[in-house]
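The structure appears right after this line, and notes come after that.
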Amino acid sequence: MRTVSCMAIATAFTPRLPSPLVPLDDERLSSVRLLLKRDDLIGADLAGNKWRKLKYLLDGARQRRATMLLTFGGAYSNHVRALAAAGQHFGFQTIGVIRGDERPYNTSLARAVEFGMQLHYMDRATYRRKRDPAVLEDLRGRFGQFYLVPEGGTTPLALNGCAELVAEIAEPFNLICCPVGTGGTLGGLAAGLHCHQRARGYAVLRGAQGGLEADVNDLHVAGLGRRLDNWDIDHGWHCGGFARRNDVLDEFIEDFRRRHGIDLDAIYVAKMMLGIFSSVVGGDIVEGSTVVAVITGAPFPGDLST
Ligand SMILES: *Cc1c(COP(=O)(O)O)cnc(C)c1O
């Protein structure tokens, strides 16, 4: 464990690292050994893959002497909340540009505001153009100079933080799995693997075939200078689309809670876990394999999944 703190106004933040690695005892998985990498236990609001992805980005912002971070996200974004927490812990002002001019507000955004984040609502048409220089220029006119953190915190700097997760795993394994939103986490895990290991992502968005793969390839080219061929994405478990759920998913979550006492986040983690269980039972994961499932975050009370 190490304590990270910087400017005087920052509050202490002690991530719980390495995150626990615990075997899951489940009769349905008799042909493989499944280990849970409990990144959801790293911290409270700044935890899971959001901490992994932001760690080096925050270093980069500090090196550039940035005082303000600006990011984008939907009203339920875990990333927006995590960035707000990071701002408070590490002494940055934060701006959250939220999709939708109906000015959505919920417990997640309320928490971000408690951490000192200033919210700015953006209509959907402009939001789609958020990478355009003109849109960014307009935001600079309004807020002054800021360090731009893209949606989901996914940049080449996220690769290193996620690759570190792999280095924490002291046991031999064959396959490591994670949910896929933007693909930053999957890309980082793949970058941290040894040559005989693979990474598999489970897409939580519908209709993302091809697009997500291209995004991960772009990230590898930008961050590593080359593509990797040790990963793939299973698109079969989105359960209707982003933040959607169906009976199969709901029953799986309920059953998992009863058997293991763990609440799975329905937007991301439960879809991955449903995919892993189905792949094992269906024989798509080789018998005798050791599989690591990364629990990338915890459910947030009041989000769409609860
Ligand atoms: C944001 C998030 C993801 C998605 O991660 P990407 O790197 O964008 O693919 C997965 N799981 C949880 C719990 C998240 O909050």
Side-chain angles (χ1 to χ4, degrees), residues 19 36-57 71-86 96 108 111-112 149-166 176-192 199-205 208 211-220 223 231-235 237-239 241-243 245 249 253 262-276 293-306:
S19 64
L36 305 185
K37 182 67 171 152
R38 297 290 307 268
D39 264 24
D40 55 320
L41 303 179
I42 289 176
D45 290 274
L46 182 52
N49 68 341
K50 300 304 184 279
W51 164 245
R52 303 276 184 192
K53 291 165 78 172
L54 288 174
K55 181 180 169 194
Y56 289 104
L57 185 142
T71 200
F72 297 90
Y76 292 93
S77 167
N78 290 338
H79 162 69
V80 166
R81 204 172 63 248
L83 193 80
S108 183
R111 181 80 131 251
V149 183
E151 204 169 28
T154 293
T155 72
L157 290 171
L159 295 175
N160 288 339
C162 294
E164 282 180 358
L165 180 162
V166 180
I176 189 163
C177 301
C178 70
V180 177
T182 64
T185 306
L186 175 64
L189 295 179
R200 174 161 307 148
Y202 291 87
V204 303
L205 298 85
L212 281 176
E213 283 82 354
D215 290 347
V216 175
N217 279 328
D218 287 351
L219 202 58
H220 283 154
W231 59 275
D232 52 72
I233 300 178
D234 186 339
H235 290 271
W237 307 100
H238 57 70
C239 302
F242 186 69
R245 49 201 300 171
L249 186 70
I253 291 171
I262 297 175
D263 264 330
L264 301 175
D265 148 66
I267 298 179
Y268 295 102
V269 177
K271 293 179 181 181
M272 164 192 70
M273 206 63 89
L274 176 61
I276 293 174
V294 182
I295 311 299
T296 44
F300 181 72
D303 71 16
L304 287 178
S305 66
T306 52

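Indexing begins at 1, ligand by ligand and atom by atom, following the structure's order. These numbers come from a predicted model, not from an experiment.
- At the shortest separation from atom 8 (O) of ligand 1 among protein heavy atoms lies T182 OG1, 2.6 Å.
- If you run side-chain contact (heavy atoms from CB on, under 4.5 Å) between Y202 and each of L274, I276, V180, only I276 comes through.
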**Prompt:** Could you go step by step and tell me if H79 and V149 meet the side chain to side chain contact (heavy atoms under 4.5 Å, CB included) rule?
**Reply:** CA-CA 10 Å; H79 162 69; V149 183; 3.8 Å; yes
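- If you number the atoms of ligand 1 from 1 as listed, the ones under 4.0 Å from a heavy atom of T185 come out as 5 (O), 6 (P), 7 (O).
- Interface atoms of ligand 1 facing K53, defined by a heavy-atom separation under 4.0 Å, are 5 (O), 6 (P), 7 (O), 8 (O).
- Less than 4.0 angstrom separates some heavy atom of G297 from each of these atoms of ligand 1: 13 (C).
- Here the protein heavy atom with the shortest distance to atom 2 (C) of ligand 1 is K50 NZ, 2.4 Å.
- Taking every heavy atom of V180 and a limit of under 4.0 angstrom, the matching atoms of ligand 1 come to 9 (O).
- For the pair K50 and F300, the NZ or CZ position fails the cation-pi test of under 6.0 Å to the six-membered ring centre and within 45 degrees of the ring normal.
- The heavy-atom pair separating P150 from T71 by the smallest distance is O-OG1, 3.5 Å.
- Of all the listed residues (G153, G187, G181, G201), G181 holds the heavy atom that lies closest to atom 9 (O) of ligand 1.
- Results of the side chain to side chain donor-acceptor pair (under 3.5 Å) test with T154 over T182, N49, D215 single out T182 as the only residue that passes.
- Of all heavy-atom pairs spanning S108 and S77, the tightest one is OG-O, 3.9 Å.
- Heavy atoms of H79 stay at 4.0 angstrom or farther from ligand 1.
- Ligand 1 lies less than 4.0 angstrom from a heavy atom belonging to G183.
- K37 approaches S19 most closely through the heavy-atom pair NZ-O, 2.8 Å.
- Considering every non-hydrogen atom in both G201 and L186, the closest pair reads N-CD1, 3.7 Å.
- Ranking protein heavy atoms by distance to atom 13 (C) of ligand 1, first place goes to T296 OG1, 3.4 Å.
- Of the candidates L36, I253, I295, I262 forms a side-chain contact (heavy atoms from CB on, under 4.5 Å) with just one, namely L36.
- Among protein heavy atoms, atom 10 (C) of ligand 1 sits closest to Y268 CD2, 3.3 Å.
- For atom 5 (O) of ligand 1, the nearest non-hydrogen atom of the protein is N49 ND2, 2.9 Å.
- Only the side chain of N78 comes within 4.0 Å of ligand 1, judged by heavy-atom distances.
- Every N/O-N/O distance between V269 and ligand 1 stays at or above 3.5 Å.
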